[in-house]
Asks: 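This structure is in C-alpha cells; I'll ask about it shortly.
The structure displayed is predicted, hence computed values, not measured ones. What you see below is based on every heavy atom in this structure, not just the backbone, and it leaves out hydrogens, waters and symmetry mates. Counting starts at 1 for both ligands and their atoms, in listed order.
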Amino acid sequence: MPSVQFYLLGQDPSTGHEIEVNSSEVSDYDSLRLLVAGHFAVLEPSGIDFSVDNDTLTEVSEVINSQQPVAITIDGKQVRDVPGPTGFPYIGNYYEIYPDHLGNHQRLFDTYGPVFKTSNFGSVVYQTNDPVIANHVFNENGFFTKQITPEHPLFGIMNQEAGLFLADTDTEAWRLTHKFLPPAFSPKAVRHYSPKMQQTVESAYKVFDQLDEQGDAFNVYLYMLKLGSQAVGQLTLGLDFNHFSSVYAPLHKMVRDIAELLELNKKVSTMGSWYSYLPFGDPAKLRHVKNDLMKQMDAAIAAVAPNGVEDLELQDAALKASCIADYAVRAVDNQGEKLPARYRNNSIMVATAAGFTTTSSLLSWLIYGLTTYEGMQERILQELIDNDIDDDTVLDADIIGKLPFLDKYVKEMQRKHNPSYQPGRTAQHDLILPGGYKIPKGGIVIPALHHIHNNPKLWDNPARFNPDRWDTEEVKNRHRSTYIPFAQGPRGCIGFNFALLEVKIFLPKLVYRYHWSKVDEEAVEYDPFFQLIRPTNFMARAERRVKWPAKST
Ligand code: HEM
C-alpha cells in the first residue's frame, strides 16, 4: 500500500505524518481530504488542498505518486498561530478589552480577522465571528466539548453537580440532567405555562399604572428584572417573588443573590484563574454567595416537594407539573429512576438563574427598541389590532403564532442586542480550524454571538435595526450558525421555548396597554461587568393608552 509523507504548510516538514493511502478506500479527492483531515485534526476537510513546491496537486494520483513531502493548505492558506494583540506583561490585553468589550472585540475582529486570541491576566481565550467555526465548536463532535477549565469564562461559578450550564459535558450529572430536564422545556410542556405567564404580566399592571399616574419614568432593566424573575420563579419553583405588590417592592433575596453571583463571576473571571482562589475580596464573596444560594434553593425545593404526590413518566409529568421543581420531584424514567436530589437541586438553581437573567435583559432591549427604532411600536400594535387582540385576550402559543411581525421584531432584537454573548467550548486535541488557525488542546474558543450577529460579511448593513430582513431570501438561506442567540448543539439553551413564549406574551400585553417612550437623549449603555448584556441606564415612561388605531383595511 503506498504511503505518502504529508505536512502542514507553515509548519516544519519534520512535524508531518506518513499516511498509508489505500486506493480502494481513497477513490477520489474528497476521500483523500477526509483521510488526511483525520490525521491532522483538521475540522473542515473540504478546505484541504495539496501542493508540492507551490504547485497544487489536483489529482489523487499526483498526491500518491509524489516523491516529495506533500504540503497541506487550509482554505488556500498555510497553517498558523492565531493572531492577536501583544498586550502588556502580566495584565495581557485586559485594558484593550475592558470596559467596552463589545466595541473592543469588534475592533480586534476588524484588525485580526475571524479568529483572534487575547489574554486577561494569563487566561487565554480565542474568539471567532465565523459561523462555520462556531458550528464546529458547538457541535461537540470529538473536537470540542464544554469543559470548564480555569481559563473558561464560567470557571468562577462552575458547579459540576448542576449538570447544566456550569458543568462539563459527559459526566454522570450531565447525562442525568439532560435526560430528565429537557422534557419539561419542550414546546408542548412550555405551552401549559402560558396562563401563568399572562397572569404574571397582568400582575405588574397596577405598578406600571401607578408609575404612570405619578408621571414617573423608571429604570426599565430594574422592572424587567422584577418581571422576568417573577415569571421564571413561577416556572422553576412555583414561587411568587412578590415583585409587584407595590411600586417599591424589593427584589427577592434569591434574585439579588443570583444577580450578585453573576456580577462577581464576571469580575473574577476577567482577572485570570489565579485570582479566583484568593481567600478574601470578590473571590471569597463569590464563594459565600454561591453557598448561601444553594441553601435557599434547597429550602425552596423542599417547600414544593409536598405537591409531588404522584410519580409520573417524564413526558406526562412535564405536562402536569405545577413547576419544574414539582416536575423533577415526580418524574421517573422508564427504569423507575428519578433525578438524584443533589443534581436536581443544583440544576434547578442553574435553570432559575439562566432563565431570568437572560429574559429580563431581552425584555429590556425589546422595550428599548420600541422607544428607539422608528415605527416598531406602531407596527406591533397594529398587528395586535388587526388580529382582534386587546387587553382581554387570553394569549397562547396559537395566537402568538399568528403574529409574524412580532416574531421578526424579537428575532431582530436577538440579532442586534442578544443578552448572551460568550459561550465557550474547550478543544479536546491540538486542532486546525477553517482558515488554517491552530488551536492547542485545552484552548477555549468562544463563538462571539454578538459579533457573528453583527458581522458585515454575513448581514447586510448589520447596524441597521430592520425586522423586515427576516423576509429576505438572503436571511432565509443563511448558514445555520449565522444566527444563534441560544447557542446550539448539545449544550445549547434548554429554555428557549419558554423564553420566546414568555416575551411574546409579555410584549403584546405591554404594548397594547402602554405607550412607551424614552425620557432623555442620554446614550443607553450596557453593563460591561455582567455575564450578560443588559442596559444599565435606560429610563422610560409607560403611559396608559386611551385610544388605539383602527383595524387596517
Ligand atoms: C432570552 C433568553 C435566553 C437566552 C438568550 C439564552 C441563551 C443561552 C445560551 C447562549 C446558552 C449556552 C450557554 C453556554 O454555552 O455557555 C444557554 C444555555 C442554557 N439556558 Fe438559556 N437562554 C435564555 C433563556 C433561558 C431560560 C428561560 C431558561 C430556563 C428557564 C434557560 C436555561 C438554560 C440552561 C439550563 C442552559 C444550559 C444548558 C446546558 O448546559 O446544556 N435559558 N442559554
Side-chain angles (χ1 to χ4, degrees), residues 134 137-140 144-148 152-155 157-160 162-171 173-182 184-186 189-190 193 197 224 228-229 231-237 258 262 265 269 323-325 327-328 343 346-366 410-411 413-426 444-450 452-453 481 483-504 506-507 531-534:
V137 169
F138 280 136
N139 278 341
E140 306 231 354
F144 284 97
T145 187
K146 188 161 184 174
Q147 186 188 5
I148 305 180
H152 194 283
L154 296 173
F155 182 66
I157 45 177
M158 176 174 72
N159 176 352
Q160 294 297 358
L164 302 167
F165 216 124
L166 309 180
D168 297 349
T169 308
D170 265 346
T171 62
W174 179 78
R175 270 188 292 280
L176 288 175
T177 51
H178 276 74
K179 171 168 155 190
F180 277 90
L181 288 197
F185 288 94
S186 71
V190 159
Y193 293 111
M197 291 177 185
M224 291 306 127
S229 52
V232 170
Q234 290 277 2
L235 166 80
T236 58
L237 298 165
I258 287 175
L262 294 189
N265 181 55
S269 66
C323 63
I324 302 292
Y327 162 83
Y343 299 153
N346 279 285
S347 61
I348 293 176
M349 165 147 103
V350 168
T352 307
F356 79 74
T357 47
T358 48
T359 44
S360 52
S361 298
L362 179 57
L363 283 166
S364 307
W365 290 116
L366 288 166
V410 173
K411 280 203 177 90
M413 193 56 71
Q414 285 202 275
R415 182 189 69 78
K416 203 158 183 303
H417 299 283
N418 193 49
S420 305
Y421 65 99
Q422 53 167 8
R425 301 289 183 269
T426 308
I444 306 287
V445 180
I446 297 180
L449 303 188
H450 175 84
I452 295 173
H453 291 179
S481 306
Y483 176 70
I484 39 174
F486 297 103
Q488 64 177 95
R491 303 305 302 272
C493 182
I494 65 165
F496 74 98
N497 288 311
F498 182 86
L500 290 175
L501 188 61
E502 177 192 309
V503 300
K504 288 177 176 181
F506 284 11
L507 196 64
Q531 208 76 35
L532 294 144
I533 308 293
R534 59 175 181 182

Asks: Determine the minimum heavy-atom distance between Tyr483 and Gln414, stating which atoms define it.
Replies: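 Looking at all heavy atoms of both residues, the closest pair is OH-CB, 3.3 Å.
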Asks: Taking C-beta and beyond as the side chain, do Leu164 and Leu181 meet within less than 4.5 Å on heavy atoms?
Replies: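 Yes, their side chains come closer than 4.5 Å.
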Asks: Kindly indicate whether the side chain of His453, heavy atoms from C-beta on, has any atom under 4.5 Å from the side chain of Ile484.
Replies: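 His453 reaches Ile484 side chain to side chain.
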Asks: What class does the angle between the rings of Phe486 and Phe496 fall in, given that below 30° is parallel, 30 to 60° is tilted and above 60° is perpendicular?
Replies: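 If you compare the ring of Phe486 with that of Phe496, the planes turn out tilted.
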Asks: Looking at Lys146 and Asp168, does any basic side-chain N land under 4.0 Å from a carboxylate oxygen?
Replies: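 Looking at Lys146 and Asp168, the cut-off is not met.
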Asks: Should Pro419 and Leu362 count as side-chain neighbours, where that means a heavy-atom distance under 4.5 Å?
Replies: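 Touching, per the 4.5 Å side-chain cut-off.
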Asks: Could you pull out every N or O of ligand 1 that sits under 3.5 Å from a protein N or O, with the distance for each pair?
Replies:
residue  : atom   : partner : partner atom : Å
ligand 1 : 15 (O) : Arg425  : NH1          : 2.8
ligand 1 : 15 (O) : Arg425  : NH2          : 2.8
ligand 1 : 16 (O) : Lys146  : NZ           : 2.9
ligand 1 : 40 (O) : Phe165  : N            : 2.5
ligand 1 : 40 (O) : Arg491  : NE           : 3.2
ligand 1 : 40 (O) : Arg491  : NH2          : 2.9
ligand 1 : 41 (O) : His178  : NE2          : 2.7
ligand 1 : 41 (O) : Arg491  : NE           : 3.0

